[in-house]
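Here is the structure we will look at, set down as structure tokens.
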There are 2 protein chains.
Amino acid sequence: MTPAEGPPRTPITIDRRARNKADKQHRIFVAAASLFTGLGYSAVTTQMVADRADVGTGTLFRYASSKAELLMMVLNEQMRLATREGVLASEAGDSPVDAIMALLAPQIHLSLEFPENTAVYQREILFGSERGPYRAEALARISELENAIADILARFALVSRVRSGVDLRGAARTMFSTLHMELIRVSLGREDPRALPGTLRAHVDVLLYGVLAPA
Amino acid sequence: MTPAEGPPRTPITIDRRARNKADKQHRIFVAAASLFTGLGYSAVTTQMVADRADVGTGTLFRYASSKAELLMMVLNEQMRLATREGVLASEAGDSPVDAIMALLAPQIHLSLEFPENTAVYQREILFGSERGPYRAEALARISELENAIADILARFALVSRVRSGVDLRGAARTMFSTLHMELIRVSLGREDPRALPGTLRAHVDVLLYGVLAPA
DNA sequence: ACTCACTTCGGAGTCTAGTCCGTATGTTAG
DNA sequence: CTAACATACGGACTAGACTCCGAAGTGAGT
């Protein structure tokens with residue numbers, strides 16, 4: 001109780017609110033992560049997540065604005081790691097195709113391990129209308145990949161010159177659209193993953209050197 | 001009433017079952033079409049469709065296995081026309097870019113007219129898990145477009161030879177993935193349609209001639 | 001005409017994502 | 001310490017897609 005000495009009491013309990021919040025946030029994350037990875041998106045109900053996190057459903061939806069956002073919250077973590085890993089690995093590749101394969105390898109791995117979850121993730125990235133923070137982060141992950149493609153193109157452009165009139169950033173987008181579509185096909189099980197290296201190689205080859213022979 | 005003259009009675013009512021069915025089918029189609037085009041996918045409830053078609057909800061779902069199939073049933077018609085139109089128009093174009101633009105123009109037009117419906121249509125094509133006949137038809141429409149791209153490539157390959165080692169069918173797929181992604185972006189309003197000709201042109205240019213200059 | 005096997009119908013009911021609002025809990029002022 | 005306020009909570013509730021099963025309709029055989 002010394003008067004002029006800052007907060008005399010409750011220094012521990014101060015910000016209890018923030019801590020409760022962080023705690024709930026954490027419980028929800030853990031609950032969602034274990035349920036989604038264990039059962040897959042469609043088999044999980046929001047009720048299950050709320051129960052396991054020991055919060056009410058009303059509360060659940062103030063931490064994530066929809067079931068899809070909940071999934072993104074969880075997958076963003078995995079994607080963050082996969083992207084970082086891919087970007088690092090891609091720096092070593094010494095042909096554009098190898099670099100791009102190295103970049104995407106971790107993503108492909110994830111898609112094969114959790115097909116349903118990654119398919120929903122991709123679906124939400126493309127078609128979701130949420131404004132929530134988790135979707136925003138997912139979009140950032142995608143941008144990161146697109147930028148990595150641009151970097152790879154730029155790196156190899158030093159060796160073998162870029163054709164005049166080609167905008168590298170635009171070309172990266174062209175290339176990424178194609179590769180993204182392949183990732184989706186893998187998530188959906190539409191494509192035998194063993195065929196993937198060959199398919200990607202063909203895509204990248206066409207994109208780098210074109211369909212037509214120079215006149 | 002002459003006795004020996006084929007089916008004496010109920011020649012009209014024969015196959016009443018099939019006709020009832022066709023009739024309901026038709027009522028459902030009309031109801032769904034007017035509601036979806038008038039209000040947009042999300043504002044329409046299956047109950048509204050059932051009511052307007054004057055059938056029960058149980059009945060509705062034996063004619064289309066989900067709300068999304070209902071939409072596809074309706075949009076397949078529009079897509080069929082748009083595709084036919086596009087394919088015809090593309091035969092006139094005298095550069096690959098012009099031909100492809102002509103091919104896709106009707107699709108783009110549809111996307112701008114009914115953004116929500118076409119976005120859902122695209123979403124279901126990519127991510128839908130239904131086995132119903134209407135989704136199958138939608139997939140057929142997409143194949144048709146991909147084939148048309150292959151045809152265009154083949155046509156122009158006569159003039160300016162295809163680079164050795166390039167598989168035309170595969171290249172068509174590469175190209176279509178990119179263009180499909182652009183169509184989706186337009187449906188979703190992510191891209192100013194006025195920028196589209198330029199964007200498509202850039203994509204097609206990269207795909208035909210590649211990013212890199214020949215060594 | 002009557003019956004029987006079979007198909008189709010339709011609305012009551014189920015399931016689940018997401019909302020609403022009264023209650024509880026933490027925070028600050030006096 | 002108490003009052004007044006702000007914020008967070010959570011479960012009853014709603015909405016809407018989809019299912020289920022008893023009822024009704026249909027056509028064949030006699």
Side-chain angles (χ1 to χ4, degrees), chain A residues 1 7-28 31-32 35-36 39-73 120 123-124 128-132 134, chain B residues 7-28 31-32 35-36 39-73 120 123-124 128-132:
Chain A
M1 298 301 188
R9 239 194 244 212
T10 63
I12 314 162
T13 55
I14 250 175
D15 251 348
R16 179 151 34 193
R17 214 163 216 167
R19 294 211 280 129
N20 275 348
K21 229 172 141 169
D23 187 45
K24 282 205 172 69
Q25 162 73 46
H26 182 249
R27 275 170 14 230
I28 288 171
L35 286 168
F36 282 135
L39 302 175
Y41 188 75
S42 62
V44 173
T45 67
T46 54
Q47 191 55 213
M48 285 167 146
V49 178
D51 288 350
R52 183 175 291 209
D54 196 30
V55 298
T57 54
T59 306
L60 182 65
F61 282 101
R62 72 181 40 258
Y63 284 82
S65 59
S66 70
K67 187 183 175 187
E69 275 266 305
L70 217 45
L71 179 77
M72 293 200 170
M73 178 178 88
V120 174
R123 188 185 73 198
E124 291 301 314
S129 52
E130 318 268 341
R131 289 262 167 241
Y134 298 116
Chain B
R9 241 194 244 212
T10 63
I12 314 161
T13 56
I14 248 174
D15 251 348
R16 178 150 39 190
R17 223 171 210 158
R19 294 213 279 131
N20 274 347
K21 228 171 143 170
D23 188 45
K24 282 205 172 69
Q25 161 74 47
H26 182 249
R27 271 166 21 226
I28 288 170
L35 286 167
F36 282 135
L39 303 175
Y41 188 75
S42 63
V44 173
T45 68
T46 54
Q47 192 57 233
M48 284 167 162
V49 178
D51 289 349
R52 182 176 292 208
D54 195 30
V55 299
T57 55
T59 306
L60 182 65
F61 282 100
R62 72 181 43 256
Y63 284 82
S65 60
S66 70
K67 187 183 175 185
E69 275 266 304
L70 216 46
L71 180 76
M72 294 200 170
M73 177 178 89
V120 174
R123 189 186 72 200
E124 290 301 314
S129 52
E130 317 268 340
R131 289 265 166 240

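In what follows, chains carry the letters A, B, and so on, assigned in the order in which the sequence lines appear, proteins first and then strands, with residues in each chain numbered from 1.
- Between B:R52 atom CZ and C:dG10 atom P there is a gap of 18 Å when expressed in whole angstrom units.
- Here the side chain of B:K24 pairs no donor or acceptor atom with the backbone of B:Y63 at under 3.5 angstrom.
- In terms of phosphate contacts, A:T45 brings no side-chain nitrogen or oxygen within less than 4.0 Å of OP1 or OP2 of C:dT16.
- For A:K67 and C:dT16, the shortest distance from a side-chain N or O to OP1 or OP2 is not below 4.0 Å.
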Just the atom pairs and distances: protein N or O near nucleotides 23-26 of chain D's N or O, under 3.5 Å.
from	atom 1	to	atom 2	distance (Å)
D:dG25	N2	B:R17	NH2	2.5
D:dT26	OP1	B:N20	ND2	2.9

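- Here D:dA6 presents its P atom at 16 Å from NZ of A:K21, a figure rounded to the nearest Å.
- Considering all non-hydrogen atoms of both residues, A:L39 and A:V44 come closest at CB-CG2, 3.9 Å.
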Intermediate values then yes/no, salt bridge (charged side-chain N to carboxylate O under 4.0 Å, His left out), A:R27 and A:D23: CA-CA 6 Å; A:R27 275 170 14 230; A:D23 187 45; 2.9 Å; yes
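- Nucleic acid contact class of B:V49 (heavy atoms, under 4.0 Å, all strands): none.
- Counting to the nearest Å, the P atom of D:dA17 and the CD atom of B:E69 are 15 Å from each other.
- Note: CD (B:E124) to P (D:dA17) measures 13 Å, nearest angstrom.
- When rounded to the nearest whole Å, the span between CZ of A:R19 and C1' of C:dT25 equals 15 Å.
- Side chains of B:I28 and B:M73 form a contact here, defined as non-hydrogen atoms less than 4.5 Å apart.
- Remark: C1' of C:dT16 and CG of A:L70 are 14 Å apart, rounded to the nearest angstrom.
- Candidate nucleotides C:dG10, D:dC9, D:dA17 were compared by shortest atom distance to the side chain of B:K24, and C:dG10 ranks first.
- If you check residues 55-66 of chain B against DNA chain C, the residues with a heavy atom closer than 4.0 Å are B:V55, B:G56, B:T57, B:G58, B:T59, B:R62, B:Y63, listed by number.
- For the 3.5 Å distance criterion, the side chains of B:E130 and B:S66 qualify, holding a donor opposite an acceptor.
- Computed from coordinates, the A:Q47 CD to D:dA12 P distance equals 10 Å when rounded to whole Å.
- Taking atom CG on A:D23 and atom P on D:dA8, their separation rounds to 15 Å, with Å as the unit.
- Separation of atoms CG (B:L71) and CD (B:E124) is listed at 8.0 Å; rounding is to 0.5 Å.
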